[in-house]
Student: 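After the structure tokens below, expect a handful of questions from me.
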Protein chains: 2
Amino acid sequence: MGAHTNTRTRIQEVAIKLFTEQGYEATSLREIAEALGVTKAALYYHFKTKEDIVASLTEDRAESIQALVTWAKEQPRTPETRREIVRRYSEDMTRGRHHEVMRFMERNQTALRGHGKVEEMRERMTGLIDVLCEPGDSPAVRLRRSMAVFAMHAVWFVLIDQNVTDEQRIEAALDVALELVDAPAG
Amino acid sequence: MGAHTNTRTRIQEVAIKLFTEQGYEATSLREIAEALGVTKAALYYHFKTKEDIVASLTEDRAESIQALVTWAKEQPRTPETRREIVRRYSEDMTRGRHHEVMRFMERNQTALRGHGKVEEMRERMTGLIDVLCEPGDSPAVRLRRSMAVFAMHAVWFVLIDQNVTDEQRIEAALDVALELVDAPAG
DNA sequence: GTCTATACAGGGATAGAC
DNA sequence: GTCTATCCCTGTATAGAC
């Protein structure tokens, strides 16, 4: 790992920041380059295209989710399994840049349409919702399970201007998500 | 109301469709014009800028939300008031293009940064969450209330490939949202 | 590994004819 | 009310020097 490793990482950091704040399409490679004090051409040395930067950002995340889904498929579909999926997912979100990546994807959904790696991630997310549901579940139950997962993303970008620690976020998300994956009261 | 009224409406219809499907930035005025069989310049007769098209789309929606928030502020902050807010919001979403507008906004959040009318709507949404909360509420409760509102949006764009009727969607959203605005069990 | 310079396409927007 | 023609800007991407 030479000096280029550092530059590559710095590009990723600045890119995810700007993509999230200003939008993917609204952020030009020139802006990213300027924020780093390099030129556009330097970026093209590290990433073949703009899309490639996004791909590099989502790869880790996709693997994590896939590992969880694979594990979940080997378990019985019980309430306790669902709770364990939620716990593992929540814990996973605290690692690396995972919640930043999810935020970036939530906020740029349409702009990322058709990007190979992004579509792949979308499919994995659908797989995750699926293992939280059974074929006969009502729309309300399916919605509840989707909201459980979304709550674990959303907690990282709602509750702004409140001063909330990371620990409080994790606790709040778990609380809400666990409630939502339990059978509806009734 | 001359023939231009029709064209204006058709522009809005095509615009919201393409903005939602492909993304706001990814959709050019040329595309919208071609889909309508007119030219870019024709669009500029009806709307001063691209941003203006978005503004025209969000105006009705912003007024609706504001009316609800104004009403809510005059009520006591009781569980029953929260439930009534949810019922009214849910009902409102079934009118006009409201849920299409929300979907469009959800999917293009960053791209719409800084657009006057869009920021205005964002503030109104924050106001809505606020009337569902009290100052001392925990992060978990605030998250729960945010998720209640989001569930009423999300139900219109999750649960795809299931064949779900509009009535079923409304029922499911109400079910989940009402649960989420009630005090946490505990 | 990073630069300058440049090609090339496509965007939003305007002027003025019909 | 809609057209053609055009301006100007910014985007992605590449070639080739250092």
Side-chain angles (χ1 to χ4, degrees), chain A residues 1-58 104 107-108 110-118, chain B residues 1-58 104 107-108 110-118:
Chain A
M1 68 174 130
H4 69 283
T5 305
N6 257 317
T7 305
R8 207 186 131 91
T9 306
R10 284 170 62 224
I11 292 172
Q12 289 177 316
E13 278 166 8
V14 169
I16 199 169
K17 180 171 179 291
L18 294 180
F19 288 165
T20 305
E21 283 173 4
Q22 315 179 338
Y24 173 69
E25 303 249 26
T27 303
S28 65
L29 295 181
R30 186 182 48 73
E31 278 179 293
I32 297 175
E34 274 174 11
L36 287 165
V38 299
T39 63
K40 280 195 292 179
L43 263 51
Y44 278 98
Y45 173 79
H46 295 283
F47 296 98
K48 218 172 76 251
T49 63
K50 190 184 184 184
E51 207 172 316
D52 256 34
I53 301 179
V54 174
S56 80
L57 253 20
T58 56
F104 155 61
R107 301 233 267 199
N108 289 281
T110 54
L112 297 172
R113 271 272 169 111
H115 288 219
K117 293 284 179 185
V118 172
Chain B
M1 71 176 126
H4 68 283
T5 305
N6 258 318
T7 304
R8 205 186 134 91
T9 306
R10 283 170 62 224
I11 292 171
Q12 289 176 317
E13 278 166 8
V14 170
I16 199 167
K17 180 170 177 291
L18 294 180
F19 288 163
T20 304
E21 283 173 3
Q22 316 178 338
Y24 173 69
E25 304 248 26
T27 304
S28 64
L29 295 180
R30 186 183 48 74
E31 277 179 292
I32 297 174
E34 273 175 12
L36 287 165
V38 298
T39 63
K40 277 197 294 178
L43 263 51
Y44 278 97
Y45 173 80
H46 295 281
F47 296 97
K48 218 171 75 254
T49 63
K50 191 183 185 185
E51 207 171 318
D52 255 35
I53 302 179
V54 174
S56 80
L57 254 21
T58 56
F104 156 61
R107 302 234 267 199
N108 289 283
T110 54
L112 298 172
R113 271 272 168 113
H115 289 219
K117 293 285 180 185
V118 172

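Chain naming here is simple, since letters A, B, ... match the order of the sequence lines and numbering starts at 1 in each. Both backbone and side-chain heavy atoms feed into the values below; hydrogens, waters and symmetry mates do not. Just so it is clear, the structure is predicted and the values come from calculations on it, not from any experiment.
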Student: CD of A/Glu25 versus C1' of C/dG12: gap in Å, rounded?
Tutor: 15 Å
Student: The criterion is side-chain hydrogen bond (donor to acceptor under 3.5 Å, both in side chains); which residues satisfy it with B/Thr58, sequence neighbours excluded?
Tutor: none
Student: Under a 3.5 Å distance rule, please check whether B/Thr110 uses its side chain to pair with a backbone N or O of A/Arg107 as donor and acceptor.
Tutor: yes
Student: May I have the distance from A/Glu34 (atom CD) to C/dT2 (atom C1'), rounded to whole angstrom?
Tutor: 16 Å
Student: Within the structure, does a side-chain N or O atom of B/Thr7 lie under 4.0 Å from either OP1 or OP2 of D/dT2?
Tutor: yes
Student: Can you give me the N/O atom pairs linking the protein to nucleotides 3-7 of chain C at distances under 3.5 Å, or say none if there are none?
Tutor:
from  : atom 1 : to      : atom 2 : distance (Å)
C/dC3 : OP2    : A/Thr39 : N      : 2.8
C/dC3 : OP2    : A/Thr39 : OG1    : 3.1

Student: Between B/Ile32 (CD1) and C/dA13 (P), how many Å, whole number?
Tutor: 11 Å
Student: Measure from CZ on B/Phe47 to P on C/dG12 and round the result to the nearest Å.
Tutor: 15 Å
Student: Take the protein atom NZ of A/Lys48 and the nucleotide atom P of D/dT12, then report the distance between them rounded to whole Å.
Tutor: 16 Å
Student: Under 4.0 Å between a side-chain N or O of B/Tyr45 and OP1 or OP2 of D/dT2?
Tutor: no
Student: If the plane angle is over 60° it's perpendicular, under 30° parallel, otherwise tilted; pick one for B/Phe19 and B/Phe104.
Tutor: parallel
Student: If I take atom CG in residue B/Leu43 and atom P in nucleotide C/dA15, what distance separates them, rounded to the nearest angstrom?
Tutor: 17 Å
Student: Check this for me, if you would: do A/Lys17 and A/Glu13 make a salt bridge, where the nitrogen-to-carboxylate-oxygen distance has to be below 4.0 angstrom?
Tutor: no
Student: Could you pull out all residues at least two apart from A/Thr20 that satisfy side-chain hydrogen bond (donor to acceptor under 3.5 Å, both in side chains)?
Tutor: none
Student: Atom CZ of B/Arg30 and atom P of C/dG11: how far apart are they, to the nearest Å?
Tutor: 4 Å
Student: Mark yes or no for whether B/Lys40, through its side chain, and B/Ser28, through its backbone, hold a donor-acceptor pair below 3.5 Å.
Tutor: no
Student: Roughly, in whole Å, what's the span from OH in A/Tyr44 to P in C/dG1?
Tutor: 19 Å
